[in-house]
Participant: 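First, the structure itself, so that you have it in front of you.
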Amino acid sequence: MPQTASAAADDWTVPQDWAAYTSAEHALWDRLFARQSQQLVGRAVPAFLQGLDVLHLSRPGIPDFAELSEKLTALTGWSVVSVPGLVPDEVFFEHLAHRRFVAGRFIRRPDQIDYLEEPDVFHDVFGHVPLLSDPVFADYMQAYGEGGLRAVRLGAIKRLARLYWHTVEFGLIRSAEGLRIYGAGIVSSHGESLYALESPKPPRIAFDLRRVMRTRYNIDDYQPAYFVIDRFEDLLRQTLETDFAPLYRALEASPDIEPGEVISADRLIPLDRPSPGGKAP
Ligand code: PHE
Ligand code: FE
């Protein structure tokens, strides 16, 4: 593979080189961590908050992937490996299928504390890794990787990527206490973690596999709609028990649904908390 840098292995992983982080970089992680872990109490799904805890992610500084992986492997068999940036789809799926989560190792600049386009170590580790300690979510991510390898062969990555986007990155879940966040793109965003639960603007739509696979997404703004699952078990069971090959074929005949568009078959989930500017009942 002539295009790969000499430091990268065939699987595109590179050493995290934890010792190379500066104290300013560790301090930026701490700042992001403090702000977001506080924000997520009562907002993130309990399994996420438990994940932060059991993985000791609150310890100061950017986590050392080797140490983190040791804890995670003991819990669910997952590990965290680092890659230099975006990797080809097959490489990404191959890692997931083997319970390896690929994480960026760089951290954003201080002026990007609220927004950046490329996933950094805060998004990847704070956002994605806690839920990998949940046995059911851990199985979903592996199944997704296997499904991804299949989707590559079937030429259907676009459909499967939409499933990832609307669940793993921007999913909401209903708990007994109300609507909660589980998507990594929301939990790692200070602004969107409020917006997703409290803004009256975006519709919250009950998850439906076919519907989600038809729904396009924007990558450069808060999501104009969110999809809501009831339990990780439901998500895992539905996706495992459905053979996606006929689904991919059938969907060829269905038009795409625009981001934020509501269709008549949608079941809308009401907001269970008053919006900040909203009138008292
Ligand atoms: N059941 C899917 C298929 O037939 C695989 C899959 C499982 C995809 C879980 C995503 C999540 O391809
Ligand atoms: Fe992500």
Side-chain angles (χ1 to χ4, degrees), residues 32 36 44 48 51 78 80-83 85-87 89-108 112 115-132 134-171 181-189 192-193 196 207-213 215 217-220 222-223 226-227 229 231-251:
L32 285 160
Q36 223 31 31
F48 176 90
W78 275 80
V80 180
V81 294
S82 62
V83 290
L86 288 179
V87 300
D89 293 325
E90 290 95 320
V91 175
F92 177 69
F93 294 139
E94 187 73 34
H95 280 296
L96 293 184
H98 291 90
R99 295 195 173 234
R100 292 187 298 266
F101 189 76
V102 291
R105 56 180 176 171
F106 79 99
I107 190 155
R108 65 195 69 189
Q112 296 169 313
Y115 182 76
L116 85 167
E117 265 157 44
E118 238 199 312
D120 72 339
V121 64
F122 186 74
H123 168 79
D124 281 337
V125 173
F126 181 91
H128 285 281
V129 172
L131 278 183
L132 294 174
D134 179 90
V136 178
F137 195 82
D139 284 354
Y140 175 65
M141 290 292 282
Q142 182 193 346
Y144 183 88
E146 288 164 355
L149 293 170
R150 188 164 183 232
V152 172
R153 294 194 300 272
L154 296 170
I157 288 188
K158 183 181 83 178
R159 301 281 176 209
L160 198 70
R162 289 174 178 175
L163 174 63
Y164 192 86
W165 190 265
H166 296 300
T167 60
V168 178
E169 292 291 354
F170 291 97
I181 304 163
Y182 74 92
I186 314 179
V187 295
S188 64
S189 161
E192 195 155 4
S193 49
F207 177 84
D208 176 274
L209 184 57
R210 288 158 192 78
R211 201 275 190 217
V212 158
M213 286 189 174
T215 308
Y217 56 86
N218 294 331
I219 61 164
D220 53 5
Y222 293 167
Q223 297 306 300
Y226 297 95
F227 291 92
I229 61 170
R231 297 150 49 83
F232 291 141
E233 284 85 352
D234 292 345
L235 180 62
L236 177 64
R237 193 170 23 78
Q238 264 195 70
T239 47
L240 273 183
E241 287 174 0
T242 307
D243 181 356
F244 285 14
L247 199 51
Y248 294 147
R249 277 195 304 273
L251 288 175

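Remember, it's 1-based here, ligands and their atoms both numbered in the order they're listed. Computed from a predicted model, the values in this text were never measured in an experiment. Below, all heavy atoms of this structure are taken into account, side chains as well, without hydrogens, waters or symmetry copies. Counting from 1, the numbers follow the sequence of the chain as shown.
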Participant: Say you draw a straight line from NE2 of H166 to CD of Q223; how long is it, rounded to the nearest 0.5 Å?
Facilitator: 7.0 Å
Participant: For the residue pair F170 and Y217, is the inter-centroid distance of their aromatic rings smaller than 6.0 Å?
Facilitator: no
Participant: Consider side-chain contact (heavy atoms from CB on, under 4.5 Å). Of L163, L154, L251, which one does F244 pass it with?
Facilitator: L163
Participant: Could you label the plane-to-plane angle of the Y164 and F92 rings as parallel, tilted or perpendicular, counting under 30° as parallel and over 60° as perpendicular?
Facilitator: perpendicular
Participant: Looking only at distance, does Y248 have an N or O less than 3.5 Å from an N or O of ligand 1?
Facilitator: no
Participant: What protein heavy atom lies closest to atom 11 (C) of ligand 1? Include the residue and the distance to one decimal.
Facilitator: T239 CB, 3.5 Å
Participant: I'd like to know if the side chain of T167 pairs up with that of Y144 as donor and acceptor (distance under 3.5 Å, no hydrogens or angles considered).
Facilitator: no
Participant: Considering only non-hydrogen protein atoms, determine which one is nearest to atom 5 (C) of ligand 1 and report residue, atom name and distance to 0.1 Å.
Facilitator: G147 CA, 3.7 Å
Participant: Looking only at the aromatic ring of each residue, does the gap between the centers of F48 and F126 stay below 6.0 angstrom?
Facilitator: yes
Participant: Among all protein non-hydrogen atoms, which one is nearest to atom 6 (C) of ligand 1, and what is the separation to 0.1 Å?
Facilitator: A143 O, 3.7 Å
Participant: Would you kindly specify which portion of T242 sits under 4.0 Å from ligand 1, judged on non-hydrogen atoms: side chain, backbone, both or neither?
Facilitator: backbone
Participant: Nearest 0.5 Å please: distance from the CD atom of Q112 over to the CD1 atom of I107.
Facilitator: 10.5 Å
Participant: With respect to the Fe ion (ligand 2), please indicate if D124 possesses an N, O or S atom at a distance under 2.8 Å.
Facilitator: no
Participant: In E169, which N, O or S atom comes closest to the Fe ion (ligand 2)?
Facilitator: OE2
Participant: Would you mind running through ligand 1 and noting each atom that sits below 4.0 Å from a heavy atom of R150?
Facilitator: 3 (C), 4 (O), 12 (O)
Participant: Among the N/O/S atoms of H128, select the one at the shortest distance from the Fe ion (ligand 2) and name it.
Facilitator: NE2
Participant: Heavy-atom contacts with D243 under 4.0 Å: which atoms of ligand 1 show up? List them by number with element.
Facilitator: 4 (O)
Participant: Counting both backbone and side chain atoms, is some N or O of F244 under 3.5 Å from an N or O of ligand 1?
Facilitator: yes
Participant: Please tell me if the side chains of E117 and D220 come closer than 4.5 Å, counting only heavy atoms from C-beta onward.
Facilitator: no
